[in-house]
Trainee: 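Dropping a structure here in structure tokens format, bear with me for questions.
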Number of protein chains: 2
Amino acid sequence: MPRNRRPQDREEKREEILAAAQRLFIDDGYESASMGQIAKHAGVTVNTIYWYFRDKDDLLIAVLDRLLAEALTQYATIADRPLGDRLLWAVDQLERLHGLVNTVHTRAPASPAVHAWHTGFHELADALVADDLRNAGAADADLPAMTAIGTFVIEGLLTHRRDDADKRAVIDLLVHQLTTVPTRT
Amino acid sequence: MPRNRRPQDREEKREEILAAAQRLFIDDGYESASMGQIAKHAGVTVNTIYWYFRDKDDLLIAVLDRLLAEALTQYATIADRPLGDRLLWAVDQLERLHGLVNTVHTRAPASPAVHAWHTGFHELADALVADDLRNAGAADADLPAMTAIGTFVIEGLLTHRRDDADKRAVIDLLVHQLTTVPTRT
DNA sequence: ACCTGAACACCGTTCAAGT
DNA sequence: ACCTGAACACCGTTCAAGT
């Protein structure tokens, strides 16, 4: 059976590989999802993946970019809700991706490309969080430290699953603390 | 050359394997430190490791227990210093182990043994942090959420390296926030 | 340009065999 | 009880060869 009947398949096949990789990375984890499995699910041979992507880390980055873009457009949807609701929504949405958070941290030291992606991601996330905190009335002097705390707590909630009540309590306390305390001396 | 001249070598050889594994896990990372490398550094054959340890995850857990015991005895040394100093000290001490933090998170889903260790560790850490917060005058009602925030921030500081000034600022703000805010309604 | 079959060097783990 | 040499099934990656 001929595999590429039309020349336009070019971008299509890349998408098929990407979709297969995304599903397996999320469901089975980056380690367990072998290149062989990904190839099989995409209907190609292993080596074909290497025609479209430099290596497995490059494939990971492409998946991450895909997921990030999707998350950002969805985040814009609820830009008008209060800070606490927005944070809880973000945690709920990203929770299924918690494995990828660890994967990025694990691969970053070994792969310069993943390291660069991780740095860029945190610059973006920090900017978003800082903006939110400023709008919520946080003291300017403490903003960098506050942003770090906010980011760390969100990441903690992603990687250490808690039930809904616990998540709500942690986020409520966080928002309350970060926005109502008077500036320190 | 005869390798085990004395029968007392039993526990000694186990320690040699453990020491080699600890060094390589910390310096090269869990993934990069192959069983072959560990065996070579311990002066044994690969299969010998499997006589003393069930598998690589079991070896990891033995290393973690070793490091945890060491950290706890050292932590007791500075039990009288103020909370902020103690937290900063903990972050500085554990910073070189940040790779293992990710490793535990990565292996936990696949290995029930690592998962159990991770759960036990957080119970212990949460108890320590909760105790500290209570002594520092934290409101009782918010204690679980406060403890979670404290743990998440410490873990965040471990896995996302910051310079000394940033670390100090984050911890100072955290301690200030968690101990001086009046109870919420 | 695109895709493959076959190989490469490596991995964690196991097994039959030795003392 | 303790340790080994040799094998097993797998991994990510590469290469020469095809269209």
Side-chain angles (χ1 to χ4, degrees), chain A residues 1-18 20-22 24-25 28-63 103-104 106-114, chain B residues 1-18 20-22 24-25 28-63 103-104 106-114:
Chain A
M1 41 183 139
R3 190 132 276 158
N4 41 351
R5 304 170 297 187
R6 305 179 297 167
Q8 309 97 299
D9 275 7
R10 227 190 45 167
E11 195 62 22
E12 268 181 43
K13 184 156 288 182
R14 211 190 107 102
E15 283 303 318
E16 273 175 45
I17 296 172
L18 224 41
Q22 174 169 323
L24 290 170
F25 284 168
D28 299 354
Y30 182 74
E31 281 190 62
S32 304
S34 72
M35 296 296 271
Q37 285 287 324
I38 296 168
K40 185 185 291 181
H41 278 256
V44 297
T45 313
V46 224
N47 336 355
T48 303
I49 299 182
Y50 287 90
W51 179 259
Y52 292 94
F53 301 94
R54 166 182 290 275
D55 52 24
K56 200 182 178 186
D57 286 318
D58 192 39
L59 190 51
L60 171 65
I61 289 170
V63 167
T103 299
V104 169
T106 303
R107 293 303 308 155
S111 160
V114 175
Chain B
M1 40 183 137
R3 188 131 277 158
N4 42 350
R5 305 170 298 187
R6 306 178 296 167
Q8 308 98 299
D9 275 8
R10 226 190 43 168
E11 195 62 24
E12 266 180 44
K13 183 156 289 182
R14 211 190 108 101
E15 283 303 317
E16 273 174 46
I17 295 172
L18 224 40
Q22 174 169 323
L24 290 170
F25 284 168
D28 300 353
Y30 181 76
E31 280 190 62
S32 305
S34 74
M35 297 295 272
Q37 285 287 323
I38 296 168
K40 185 185 291 182
H41 278 256
V44 297
T45 312
V46 224
N47 336 355
T48 303
I49 299 181
Y50 287 90
W51 178 259
Y52 292 93
F53 302 93
R54 167 181 290 275
D55 53 23
K56 201 183 178 185
D57 286 319
D58 192 38
L59 190 50
L60 171 66
I61 289 170
V63 167
T103 299
V104 169
T106 303
R107 293 302 307 156
S111 158
V114 175

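All chains are named by letter (A, B, ...) in the order of the sequence lines, taking the proteins before the strands, and each is independently numbered beginning at 1.
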Trainee: Do the non-hydrogen side-chain atoms of Tyr52(B) and Leu59(B) ever get within less than 4.5 Å of each other?
Mentor: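 They are not in contact (no side-chain heavy atoms under 4.5 Å apart), so the answer is no.
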
Trainee: Between atom NZ in Lys40(B) and atom P in dC11(C), what is the gap in whole Å?
Mentor: 10 Å

Trainee: For DNA chain D, what are the stems built from at least three Watson-Crick or G-U pairs in a row, each pair having both distances below 3.5 Å?
Mentor: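 Stems (3+ consecutive pairs) listed as C:4-8 with D:12-16, C:12-16 with D:4-8.
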
Trainee: At under 4.0 Å, does any side-chain N or O of Thr48(A) touch on OP1 or OP2 of dC2(C)?
Mentor: no

Trainee: What integer distance in Å separates Asp55(A):CG from dC11(D):P?
Mentor: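 Computing the Asp55(A):CG to dC11(D):P distance gives 17 Å.
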
Trainee: On the ring face of Phe25(A), is Lys56(A) found with NZ or CZ under 6.0 Å from the centre and within 45° of the axis?
Mentor: no

Trainee: Measuring only between side-chain heavy atoms, which start at C-beta, is His41(B) closer than 4.5 Å to Ile38(B)?
Mentor: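 His41(B) does not reach Ile38(B) side chain to side chain.
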
Trainee: What's the closest nucleotide to the Met35(B) side chain, out of dT4(D), dT13(C), dC3(C)?
Mentor: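 Minimum distance to the Met35(B) side chain belongs to dT13(C).
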
Trainee: On DNA chain D, nearest-nucleotide positions of Arg54(A) versus Gln37(A): which is more 5'?
Mentor: Gln37(A)

Trainee: Working to the nearest 0.5 Å, report the span between CG of Leu24(B) and CD of Gln37(B).
Mentor: 6.5 Å

Trainee: Could you give the CD-to-C1' distance, from Glu11(B) to dC2(D), as a whole number of Å?
Mentor: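 My rounded result for the distance is 14 Å.
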
Trainee: Quickly work out the Glu31(A) CD to dC11(C) C1' distance and round it to whole Å.
Mentor: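 Answer to the nearest Å: 12 Å.
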
Trainee: Side chains of Tyr30(A) and Thr106(B): closer than 4.5 Å at any heavy-atom pair?
Mentor: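 With C-beta onward as the side chain, the pair stays apart.
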
Trainee: Contact class for Tyr52(A) (heavy atom, under 4.0 Å): base, sugar-phosphate, or nothing?
Mentor: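 Touches sugar-phosphate only.
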
Trainee: Quick one: is Thr45(B) getting a side-chain N or O under 4.0 Å of the dT4(D) phosphate, OP1 or OP2?
Mentor: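 For dT4(D), OP1/OP2 do have a side-chain N/O of Thr45(B) under 4.0 Å.
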
Trainee: If you check the Tyr50(A) side chain, which of dT13(D), dT13(C), dC3(C) turns out closest?
Mentor: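 For Tyr50(A), the side-chain atoms sit closest to dT13(D).
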
Trainee: Tell me yes or no: between the side chains of Tyr50(A) and Asp58(A), is some donor less than 3.5 Å from an acceptor?
Mentor: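 Checked: Tyr50(A)/Asp58(A) side chains show no N/O donor-acceptor pair below 3.5 Å.
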
Trainee: Would you indicate which nucleotide in dC3(D), dG12(D), dT13(C) comes nearest to any side-chain atom of Val46(B)?
Mentor: dT13(C)

Trainee: Side chain of Thr45(A), backbone of Thr48(A): donor and acceptor closer than 3.5 Å?
Mentor: no

Trainee: Measure from the side-chain heavy atoms of Trp51(A) and tell me the nearest of dA1(C), dG12(D), dT4(D).
Mentor: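 Of all the options, the side chain of Trp51(A) is nearest to dA1(C).
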
Trainee: Distance check needed: dC2(D) C1' versus Arg14(B) CZ, whole Å only.
Mentor: 15 Å

Trainee: Starting the side chain at C-beta, find the nucleotide from dG12(C), dA1(D), dT13(D) nearest to Lys56(B).
Mentor: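 Of all the options, the side chain of Lys56(B) is nearest to dG12(C).
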
Trainee: dT13(D), dT4(C), dC11(C): which one has an atom nearest the side-chain heavy atoms of Ser34(B)?
Mentor: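 Among the listed nucleotides, the one closest to the side chain of Ser34(B) is dC11(C).
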
Trainee: Rounded off to whole Å, could you give me the CD1-to-P distance for the Ile17(A) and dC2(C) pair?
Mentor: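 In whole Å, dC2(C) P and Ile17(A) CD1 are 11 Å from each other.
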
Trainee: Measure from CG on Asp28(B) to P on dC10(C) and round the result to the nearest Å.
Mentor: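 Atom-to-atom, Asp28(B) to dC10(C), this comes out as 16 Å.
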
Trainee: Of all heavy-atom pairs between Val104(A) and Val114(A), which one has the smallest distance, and what is that distance?
Mentor: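 The pair with the smallest heavy-atom distance is O-CG1, 3.7 Å.
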
Trainee: Write down the distance between CZ (Phe53(A)) and P (dT14(D)), rounded to a whole number of angstrom.
Mentor: 16 Å

